[in-house]
Amino acid sequence: MYNIAVIPGDGIGQEVVEATITVLDKLPIDFNYTYAQAGDKCNEEQGVPLPEETIKIAKEADAVLFGAAGETAADVIVRLRRELNTFVNLRPVKSMQPEKYGNIDFMIVRENTEDLYIGDEEETPEGAIARKKITKAASEKISEYAFKYAKDTGRSKVTAVHKANVLKLSDGLFKKTFYEVAEKYTDIETNDFYVDATAMYLITNPLDFEVIVTTNLYGDILSDEGAGLVGGLGMIPSANIGDENGLFEPVHGSAPDIAGQGIADPVATILSACMMLDYLGESSYARKIEEIIIDVIQEGTNVTPDLGGNASTQEMAEYIASKL
Ligand code: ATP
């Protein structure tokens with residue numbers, strides 16, 4: 001039995017998490033769900049966006065399934081990642097519709113604990129200053145993770161993304177550390193690009209990428225760009241992994257523009273649950289669900305509007321579950 005902390009959060013987070021549980025419930029695995037609150041609504045009701053009780057439930061669980069947080073995202077998901085010490089954020093950019101988007105398939109390995117996301121901002125007489133933190137230890141840990149991931153999954157190239165020409169000390173350290181770690185992995189090809197160039201190459205040469213390792217902010221931006229390459233934010237899952245905890249969430253946010261309409265694409269969250277199954281050592285079920293999702297999208301009828309159908313979030317999940 002696995003103890004899963006479930007934090008649906010705000011907006012479509014509620015809908016896509018419910019849909020995902022519908023699919024998980026069809027597996028012959030015993031999940032014990034503990035629901036916990038976080039986000040804008042929680043802030044309104046309890047006066048805090050991330051109650052201590054939620055942090056405790058998340059820390060004690062075998063894994064956390066998270067939906068989305070709206071305006072309070074920085075105080076919820078960024079803090080949860082820190083509290084759980086999930087130092088890596090894995091964001092697979094994989095086309096589920098190769099005939100439409102080509103065979104795009106690369107992994108973004110995003111450093112998850114530092115960079116500008118430490119939130120060290122202050123007002124100054126002229127405006128404001130934000131500090132960017134890059135440490136040798138975190139750069140080493142994330143580079144190691146990326147190379148090991150490449151090796152374990154049969155990928156042959158790792159690309160570091162940075163802006164070391166301008167940010168010579170911080171991004172310079174990240175780049176230097178990446179190449180130091182690379183020395184141990186002689187069978188893996190390495191290269192590095194500036195983040196601005198990468199933004200273009202992802203559009204012009206997306207098939208050249210296998211594993212991208214990068215700092216927190218660039219990873220955040222490039223993964224949304226990656227979503228655009230393979231059919232939108234409704235398709236991209238993510239895994240936050242640490243030495244002791246794993247938190248799984250769609251890359252998209254609470255999408256207030258479509259919340260409550262039952263039209264949100266549940267794929268990103270169901271695929272996040274597949275990453276959770278991998279983390280729990282239940283990979284065979286993860287692959288099975290992924291295959292079903294590809295088939296269902298290809299059939300094109302029981303899918304949400306962003307995928308060309310007119311099924312609701314829950315209807316699409318029930319259809320996927322019915323094929324398990
Ligand atoms: P937040 O402030 O919570 O990040 P947002 O609207 O700024 O919300 P997203 O939630 O990531 O950011 O949404 C960006 C766009 O992508 C919106 O137009 C939204 O409707 C669309 N979108 C996001 N997730 C999905 C989904 N699962 N299915 C369909 N469309 C989605």
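Order of appearance sets the numbers: ligands from 1, and atoms from 1 within every ligand.
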Check whether any heavy atom of Ile258 sits under 4.0 Å from an atom of ligand 1.
yes
Nearest non-hydrogen protein atom to atom 11 (O) of ligand 1, with distance, is Gly253 N, 2.9 Å
Review point. For ligand 1, is Ala69 a contact, meaning one of its heavy atoms is under 4.0 Å away?
Key: yes
May I ask you to check whether Leu233 has an N/O atom sitting below 3.5 Å from an N/O atom of ligand 1? no
Would Lys26 and Glu318 pass as an ion pair if we require N to O under 4.0 Å?
no
Per-atom filter on ligand 1: closer than 4.0 angstrom to a heavy atom of Ile12 are 24 (N), 25 (C), 26 (C), 27 (N)
query: Does the N or O separation between His252 and ligand 1 drop below 3.5 Å for any pair?
result: yes
Pro256 heavy atoms within 4.0 Å reach ligand 1 at atoms 6 (O), 8 (O)
Test item, Ala68 contacting ligand 1 (heavy atom, 4.0 angstrom): no
Fill in: Basic-acidic side-chain contact under 4.0 Å: Asp105, Arg155
yes
### Residue pair Glu249 / Asn240, side-chain donor-acceptor N/O under 3.5 Å
yes
*Are Glu111 and Lys132 within salt-bridge range, i.e. N to O under 4.0 Å?*
no
Next on the checklist: Under 4.0 Å between a side-chain nitrogen and a carboxylate oxygen: does that hold for Asp196 and Lys163?
Outcome noted: yes
Regarding Arg287 and Glu291, does a basic nitrogen lie under 4.0 Å from an acidic carboxylate oxygen? no
May I ask you to decide if the ring planes of His162 and Tyr194 are parallel, tilted or perpendicular, using 30° and 60° as cut-offs? perpendicular
Out of Gly232, Gly234, Ala255, Gly11, the nearest non-hydrogen contact to atom 10 (O) of ligand 1 is supplied by Ala255
Here the salt bridge (charged side-chain N to carboxylate O under 4.0 Å, His left out) pairs for residues 12-24, sequence neighbours left out, are none
Going by the 4.0 angstrom heavy-atom rule, the piece of Asp257 near ligand 1 is side chain
Quick note on ligand 1: atoms under 4.0 Å from a heavy atom of Ala264 include exactly 28 (N)
